[in-house]
Amino acid sequence: DEKMDERLKKQLEFSLEIDKEKNILRQTHLSGHGRRENDAEHAWHMAVMAYLLREYSNEPVDIAKVMLMCLIHDIVEIDAGDTYAYDDQGLKTQNERENLAANRIFNLLPEDQAKKIFDLWNEFEERKTPEAKFARVMDNFQPVMLNAATDGRMWAENGVHLEKILKRNEKTHEGSKVLWKYMYEHFILPNVKKGRIKE
């Protein structure tokens with residue numbers, strides 16, 4: 001059936017395209033090795049953590065939706081590149097770069113699926129629904145956990161100030177008060193005391 005062939009072709013084209021996400025390196029280092037993690041590893045780790053930690057969400061969530069949000073949220077970085085959380089220059093053009101990328105990559109899919117992925121990505125970005133708020137907690141919690149597990153290496157190397165971490169996490173409590181409190185007390189404060197995060 002020609003219609004099915006066309007649909008499958010588009011789905012597989014997208015599937016192959018997102019393989020490129022494995023080449024996008026982040027600023028976070030893996031806990032057990034010296035190398036930096038890539039976007040796909042970050043997304044996978046977030047998705048598993050979301051499932052495990054869902055009981056700490058402020059509100060009940062559709063966990064399958066949260067996990068899918070986690071898995072697709074950084075696909076745009078295939079074109080846009082990873083923007084380091086504390087790169088003031090990069091952050092200025094991030095939205096524009098990511099929107100262009102979303103248009104190109106998501107539209108490789110059949111129209112109905114492209115719309116679903118677009119809607120999910122926009123929902124994550126807007127951070128208004130319980131699912132988006134909780135997925136955003138994971139997006140912040142996971143790298144902070146890894147940074148703490150690697151003795152604050154990237155914070156120290158980049159001269160990151162506490163106020164920047166607090167600014168980036170000013171809405172984290174909206175998704176999970178419990179996880180924000182834990183993150184602050186167990187990952188951030190000890191690294192301030194050790195001088196890995198500047199005051």
Side-chain angles (χ1 to χ4, degrees), residues 15-57 61 63-87 90-91 94 98 124 131 133-169 171-173 175-199:
S15 298
L16 196 55
E17 184 65 21
I18 64 171
D19 180 59
K20 294 176 184 170
E21 196 182 352
K22 298 169 190 171
N23 287 317
I24 309 298
L25 292 179
R26 293 168 46 79
Q27 293 297 322
T28 320
H29 284 259
L30 302 182
S31 60
H33 296 277
R35 77 168 172 88
R36 285 154 60 190
E37 74 171 348
N38 66 48
D39 268 0
E41 290 166 333
H42 164 64
W44 160 81
H45 205 179
M46 274 174 69
V48 176
M49 286 174 66
Y51 179 79
L52 297 174
L53 304 176
R54 67 192 186 279
E55 66 201 78
Y56 306 110
S57 173
V61 289
I63 198 60
K65 189 179 184 188
V66 174
M67 291 171 78
L68 191 52
M69 263 183 205
C70 291
L71 291 169
I72 62 112
H73 82 289
D74 273 347
I75 287 174
V76 293
E77 294 188 356
I78 290 168
D79 286 1
D82 174 58
T83 305
Y84 183 46
Y86 308 110
D87 170 12
L91 291 168
Q94 184 180 13
E98 292 190 350
F124 175 86
E131 286 78 15
K133 287 175 187 172
F134 191 59
R136 293 293 287 254
V137 172
M138 292 301 109
D139 196 26
N140 289 343
F141 191 92
Q142 186 264 356
V144 168
M145 178 181 79
L146 288 187
N147 277 331
T150 51
D151 194 34
R153 176 178 166 181
M154 287 315 286
W155 288 321
E157 281 178 20
N158 290 286
V160 176
H161 285 259
L162 177 62
E163 64 179 323
K164 280 203 169 176
I165 296 174
L166 296 181
K167 176 86 183 125
R168 178 165 172 79
N169 283 284
K171 292 183 176 174
T172 300
H173 71 279
S176 174
K177 291 186 175 121
V178 172
L179 293 179
W180 164 241
K181 185 173 185 284
Y182 190 92
M183 185 172 159
Y184 182 69
E185 290 175 359
H186 295 267
F187 301 152
I188 298 168
L189 277 186
N191 279 282
V192 173
K193 286 179 183 144
K194 283 193 282 186
R196 311 301 275 166
I197 296 169
K198 291 184 175 182
E199 276 194 82

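Rounding to the nearest 0.5 Å gives a distance of 5.5 Å between CD of Glu21 and CD1 of Ile78. Remark: Asp74 CG to Asp82 CG distance equals 7.0 Å, nearest 0.5 Å. Atom-to-atom distance recorded for Arg153:CZ and Gln27:CD is 10.5 Å, nearest 0.5 angstrom. Rounding to the nearest 0.5 Å places NZ of Lys194 at 12.0 Å from CG of Leu189. Atom CD1 of Ile75 and atom CD of Glu77 lie 10.5 Å apart (nearest 0.5 Å). With rounding to the nearest 0.5 Å, the separation of NE2 in His73 from CE in Met46 is 4.0 Å.
Within a 6.0 Å sphere centred on CD of Glu199, other residues, nucleotides and ligands contribute 12 heavy atoms or fewer.
Counting only N and O atoms by type, the side chains of His42 and Gln142 include a donor and acceptor under 3.5 Å apart.
Contact of the Val137 side chain with the Tyr56 side chain is not registered, since no non-hydrogen atoms from C-beta on lie closer than 4.5 Å. Within the 4.5 Å cutoff, no side-chain heavy atoms of Tyr51 are placed close to those of Val66. Taking 4.5 Å as the limit, every side-chain heavy atom of Met67 sits out of range of all side-chain heavy atoms of Val48. With contacts defined as side-chain heavy-atom distances shorter than 4.5 Å, the pair Val192/Ile197 qualifies.
The pair Arg136-Glu131 does not count as a salt bridge, with every side-chain nitrogen at least 4.0 angstrom from each carboxylate oxygen. Residues Lys22 and Asp39 are not paired through a salt bridge, judged by the lack of any N-O separation under 4.0 Å between the basic side chain and the carboxylate. Ion pairing between Asp79 and Lys20 fails under the 4.0 Å rule for side-chain N and carboxylate O. No salt bridge links Lys167 with Glu163; every basic N to acidic carboxylate O contact stays at or beyond 4.0 Å.
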Report the C-alpha distance between Val144 and Trp155 in whole Å, list the side-chain angles of each, state the deciding distance to 0.1 Å, and finish with yes or no for side chain to side chain contact (heavy atoms under 4.5 Å, CB included). CA-CA 10 Å; Val144 168; Trp155 288 321; 4.0 Å; yes
If you apply the rule side chain to side chain contact (heavy atoms under 4.5 Å, CB included), what do you find for Arg35 with His29, and how did you get there? CA-CA 6 Å; Arg35 77 168 172 88; His29 284 259; 5.8 Å; no
Met154/Arg36 under side chain to side chain contact (heavy atoms under 4.5 Å, CB included): CA gap, chis, key distance, verdict: CA-CA 10 Å; Met154 287 315 286; Arg36 285 154 60 190; 5.6 Å; no
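Below 30°, between 30° and 60°, or above 60°: for Tyr182 and Phe187 the angle between ring planes is above 60°, a perpendicular geometry.
Asn140 pairs with exactly one of Ile165, Thr172, Leu179 by the side chain to side chain contact (heavy atoms under 4.5 Å, CB included) rule, that one being Thr172.
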